[in-house]
Amino acid sequence: MEYKLKDTSSKTAFNYGYLLNKIFPYIKPVMGRAILNIAIAIPLGLLDGVVALSLKPYMDFVVNGNPNQTWTFLGHTVHLQSWLAFIIPFGIVGFAILQGVLKYASNYLTDWTGNKISNSLKVDLFKKLTQLDPKFYDINTSGIVLSRFLTDPELASKSIINILKSLIASAFGLVGLVCVLLYNSWLLAIIGVAVMGIAITPVTLIRKRIKKVSNATMVVVGNMTTNFNETFAGNRIMAAYNLQEIQNTKFDKQIQEQFDLTMSLTKRVGWMSPIMYFVCSIGIALVMALGNHLILTGKMTAGSFASFVTSLLLLYKPTKTLGNDLANLQTTFVAMSRVFELFDLHPEIKSGNKQMNGLKNSIEFKNVNFEYEKDCPVLKNFNLSVSKNETIALVGNSGGGKSTIVSLIPRFYDVTSGTIEIDGQNIKDFSLNSLRDNISFVFQDNFMFSGTIRENILLGNKTATEEDLERAIKLAHIDEFVNSLDKGLDTKLGERGTTLSGGQRQRVAIARAIIKDAPIVVLDEATSALDNESEAIVQKALDNLMKNKTVFVIAHRLSTISSADRIAVIHDGELAELGSHEELIKNQDGFYKKLYDMQFKSQEIATV
């Protein structure tokens with residue numbers, strides 16, 4: 001299945017058997033409570049007919065009854081009229097209390113089972129999210145990912161039990177009330193039930209409309225979430241370039257799109273209720289006309305007619321609820337189908353079985369070709385051999401493929417053709433965990449997770465000792481600023497580490513890499529965003545990190561990589577030159593010489 005989530009159509013939205021089979025493993029652990037909840041829904045539905053049924057004896061024996069009529073009960077003679085006048089009201093109250101208790105139990109069980117199912121589904125989806133390759137995050141917006149992984153699971157899982165319970169209650173409510181109708185008059189019951197059947201028919205016609213609007217709404221919600229994320233993460237750029245009006249206009253447009261979709265669904269579905277009312281009113285009019293005839297001809301009592309009409313009026317509630325539940329169920333199935341489409345996503349990067357135990361000899365790129373998009377090559381027949389404990393710098397123009405080269409080593413992406421070998425072994429043969437355990441990264445903008453400075457450093461090695469931590473802190477020169485903080489290493493970081501300066505974040509990231517102690521180190525523009533003072537202290541920390549390691553350095557400032565053992569010049573995805581700084585600078589017509597002269601002249605102009 002493709003990683004791109006732009007296609008929001010739910011191909012399995014009407015395949016109910018498939019979807020129920022998929023959701024069943026999540027319902028199974030709570031099956032006992034789910035069945036109990038559904039069982040409670042049966043008497044809840046049936047109790048709707050109690051009030052209507054009680055009207056027949058109340059009208060026939062209390063309102064219009066003979067006050068002298070008696071009834072023998074357990075050897076006692078009671079006046080039927082007075083006895084029923086006393087019992088029926090209390091009976092209705094008793095049934096109402098019973099119904100209230102059952103509703104409370106049902107609502108509690110619904111929330112309990114719904115949240116359990118939702119939580120289990122979210123946990124598995126989050127695991128899926130953490131297993132997907134970087135490519136997935138490259139080609140999908142944050143908004144669509146959040147909608148798919150948070151909004152849809154909530155709608156798909158929490159609603160399913162509630163809707164099923166409501167459907168059961170409505171169905172048995174219909175059964176109970178229809179039984180009351182038949183008990184009072186089978187002839188009138190046929191008319192009433194036929195009319196109700198006609199009234200609910202339109203529900204079957206709106207499935208595809210709900211599907212279409214639901215998919216379109218998800219796209220808009222995803223775009224809105226992306227807008228929120230961009231406004232939050234890019235707040236400084238927004239302020240610096242006065243982009244507030246542009247962001248506001250974009251959001252206004254998205255809100256209007258959401259409003260239009262909501263009203264579109266209302267126009268397409270909202271007519272059901274008025275039509276149902278109209279059809280039901282015709283049914284009630286027919287029943288009243290025929291009922292009057294039956295009463296006048298003595299074929300039906302006033303109590304039976306009152307009970308029948310009340311049942312018919314009450315029948316509209318479960319009929320309408322049933323229609324709404326069916327519509328909501330379709331929406332739930334649409335969301336469910338999108339959720340299980342996510343489970344069909346599988347990482348393209350497959351793990352090998354061999355364990356990588358350090359670097360013994362070399363890393364080799366052999367005839368490596370790579371493209372992010374088909375027929376758009378980024379690397380072309382790239383060959384390079386890097387020896388153990390060698391520091392090699394990758395330089396060249398932006399977009400030449402430098403970052404791509406170092407991203408291929410931990411298999412963030414797989415080569416299109418060719419091989420990358422470590423000690424003569426194709427890296428695809430290594431397990432992903434063992435391969436990546438042997439590589440440390442320090443990026444230009446290092447991500448800090450929520451938590452303390454200590455926790456962020458220990459992410460490099462969860463089993464590190466206190467001595468390991470102290471050593472990493474010292475080598476990364478973190479102690480120079482940590483000691484000035486009230487809580488030291490236990491200082492909480494803001495989101496993405498924004499409470500630290502750029503240089504401080506870099507040193508925390510270097511400490512994280514030091515404590516990992518991986519034999520291979522990748523430095524991707526690690527000092528390019530720092531001022532001279534911060535760069536100097538960060539460079540000291542980097543020097544400590546690079547000792548006795550095989551290091552790949554990407555840097556635009558050529559002055560920072562002049563001490564590398566070798567420099568690989570990358571131009572348009574190809575290895576253009578390779579050698580030490582002294583060797584490359586001698587080639588007057590070489591790419592490196594031109595890059596060096598351009599930067600040297602730029603620095604001269606900047607200092608004038």
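Between Asn357 and Asn438, the shortest heavy-atom contact is C-OD1, 4.3 Å. Of all heavy-atom pairs between Ser118 and Pro153, the closest is OG-O, 4.4 Å. Across Ala513 and Val442, no two heavy atoms sit closer than the pair CB-CG2, 4.0 Å. Across Gly401 and Val378, no two heavy atoms sit closer than the pair CA-CG1, 4.2 Å. Taking each heavy atom of Ile567 and Ala564 in turn, the nearest pair found is CG1-CB, 4.5 Å.
Between atom CG of residue Asn397 and atom CG of residue Asp572 there is a gap of 8.0 Å, rounded to the nearest 0.5 Å. To the nearest 0.5 angstrom, Glu574 atom CD is 9.5 Å from Asn369 atom CG. From Phe365, atom CZ reaches atom CD1 of Ile405 across 6.5 Å, with rounding to the nearest 0.5 Å. Here Ile457 contributes atom CD1 and Leu469 contributes atom CG; the two are 5.5 Å apart, rounded to the nearest 0.5 Å. Atom CD1 of Ile427 and atom OG of Ser434 lie 11.0 Å apart (nearest 0.5 Å). In this structure, the separation between NZ on Lys540 and CD1 on Ile510 is 12.5 Å, given to the nearest 0.5 Å.
Residue Asp252 places its CG atom among more than 12 non-hydrogen atoms of other residues, nucleotides or ligands, all under 6.0 Å distant. Within 6.0 Å of CZ in Arg471 there are 12 or fewer heavy atoms belonging to other residues, nucleotides or ligands. Other residues, nucleotides and ligands contribute at most 12 non-hydrogen atoms within 6.0 Å of the CZ atom of Phe591. Applying the 6.0 Å contact sphere to OH of Tyr372 captures more than 12 heavy atoms from other residues, nucleotides or ligands.
Remark: of the listed residues Ile520, Asp429, Asp437, Ile520 is the sole one forming a side-chain contact (heavy atoms from CB on, under 4.5 Å) with Met356.
With sequence neighbours excluded, no residue forms a side-chain hydrogen bond (donor to acceptor under 3.5 Å, both in side chains) with Asn248. For Phe126, there are no ring pair (Phe, Tyr, Trp, His ring centres under 6.0 Å) partners at least two apart in sequence or on another chain.
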**Asked** After noting the C-alpha distance and the side-chain angles of Thr419 and Asn426, does the key distance pass the side chain to side chain donor-acceptor pair (under 3.5 Å) rule?
**Response** CA-CA 6 Å; Thr419 59; Asn426 191 328; 5.2 Å; no
**Request:** For the pair Leu458 and Ile515, evaluate side-chain contact (heavy atoms from CB on, under 4.5 Å) and give the outcome as yes or no after the intermediate values.
**Result:** CA-CA 7 Å; Leu458 290 176; Ile515 206 168; 3.8 Å; yes
**Request:** Decide side-chain contact (heavy atoms from CB on, under 4.5 Å) for Glu390 and Arg566; before the verdict, give the C-alpha distance in whole Å, the side-chain angles of both, and the deciding distance to 0.1 Å.
**Result:** CA-CA 8 Å; Glu390 180 182 10; Arg566 287 189 298 164; 2.4 Å; yes
**Request:** Verify side chain to side chain donor-acceptor pair (under 3.5 Å) between Thr463 and Asn461, making sure each step is shown before the conclusion.
**Result:** CA-CA 5 Å; Thr463 61; Asn461 183 357; 2.9 Å; yes
**Request:** In sequence, state the C-alpha distance, the side-chain angles, and the governing distance for Gln254 and Lys250, and then conclude on side-chain contact (heavy atoms from CB on, under 4.5 Å).
**Result:** CA-CA 6 Å; Gln254 290 164 348; Lys250 188 189 298 184; 3.8 Å; yes
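With a 4.5 Å cut-off on side-chain heavy atoms, Glu245 and Thr249 count as touching. In this structure, Asn367 and Ser417 have side chains that are not in contact, with every pair of non-hydrogen atoms separated by 4.5 Å or more. When side chains are defined from C-beta on, Gln247 does not count as touching Phe251, because their heavy atoms never get closer than 4.5 Å. Under the 4.5 Å side-chain criterion, counting only non-hydrogen atoms from C-beta, Asn587 is not in contact with Lys593. Contact annotation: the side chain of Leu121 approaches that of Phe343 to within less than 4.5 Å [non-hydrogen atoms, C-beta and beyond]. In this structure, the side chains of Ile554 and Ser403 come closer than 4.5 Å at one or more pairs of heavy atoms. Residues Val553 and Leu542 are not in side-chain contact: their nearest non-hydrogen atoms beyond the backbone lie 4.5 Å or more apart. Side-chain contact between Leu129 and Tyr137 is present, with heavy atoms from C-beta onward closer than 4.5 Å.
Side-chain atoms of Asn456 never come within 3.5 Å of backbone atoms of Val508 as a donor-acceptor pair (strictly under, hydrogens ignored). No donor-acceptor pair closer than 3.5 Å links the side chain of Asp565 to the backbone N or O of Ile392. The backbone N or O of Ile570 sits nowhere less than 3.5 Å from a side-chain atom of Lys402 that would complete a donor-acceptor pair. Looking at Asn361, its side chain never comes within 3.5 Å of a backbone N or O of Asp423 through a donor-acceptor pair. Between the side chain of Lys516 and the backbone N or O of Ile439 there is at least one donor-acceptor pair closer than 3.5 Å. Proximity of a side-chain donor or acceptor of Ser351 to a complementary backbone N or O of Leu432 within less than 3.5 Å is detected. At distances below 3.5 Å, at least one donor-acceptor pair connects side-chain atoms of Asn383 with backbone N or O atoms of Asn381.
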Quick one: side chains of residues 408-415, donor-acceptor pairs under 3.5 Å with protein atoms, not counting sequence neighbours, listed by atom name and distance.
{"from": "Arg411", "atom 1": "NE", "to": "Asp414", "atom 2": "OD1", "distance (Å)": "2.8"}
{"from": "Arg411", "atom 1": "NH1", "to": "Lys350", "atom 2": "O", "distance (Å)": "2.9"}
{"from": "Arg411", "atom 1": "NH2", "to": "Lys350", "atom 2": "O", "distance (Å)": "3.1"}
{"from": "Arg411", "atom 1": "NH2", "to": "Asp414", "atom 2": "OD1", "distance (Å)": "3.3"}
{"from": "Arg411", "atom 1": "NH2", "to": "Asp414", "atom 2": "OD2", "distance (Å)": "2.8"}
{"from": "Tyr413", "atom 1": "OH", "to": "Asp138", "atom 2": "OD2", "distance (Å)": "2.3"}

Distance-only donor-acceptor hits, side chain of residues 578-585, under 3.5 Å, sequence neighbours excluded:
{"from": "Ser580", "atom 1": "OG", "to": "Glu583", "atom 2": "N", "distance (Å)": "3.2"}
{"from": "His581", "atom 1": "ND1", "to": "Tyr592", "atom 2": "OH", "distance (Å)": "2.6"}
{"from": "Glu583", "atom 1": "OE1", "to": "Ser580", "atom 2": "N", "distance (Å)": "3.0"}

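Counting only N and O atoms by type, the side chains of Gln256 and Asp260 include a donor and acceptor under 3.5 Å apart.
Screening residues 542-555 for salt bridge (Lys or Arg N to Asp or Glu O under 4.0 Å) gives Asp517-Lys549 as the qualifying pairs, with residues at least two apart or on separate chains. Counting only residues at least two apart or in different chains, salt bridge (Lys or Arg N to Asp or Glu O under 4.0 Å) contacts with residues 353-370 comprise Lys366-Glu421.
Ring planes of Phe441 and Phe443: parallel class, angle under 30° (limits at 30 and 60°).
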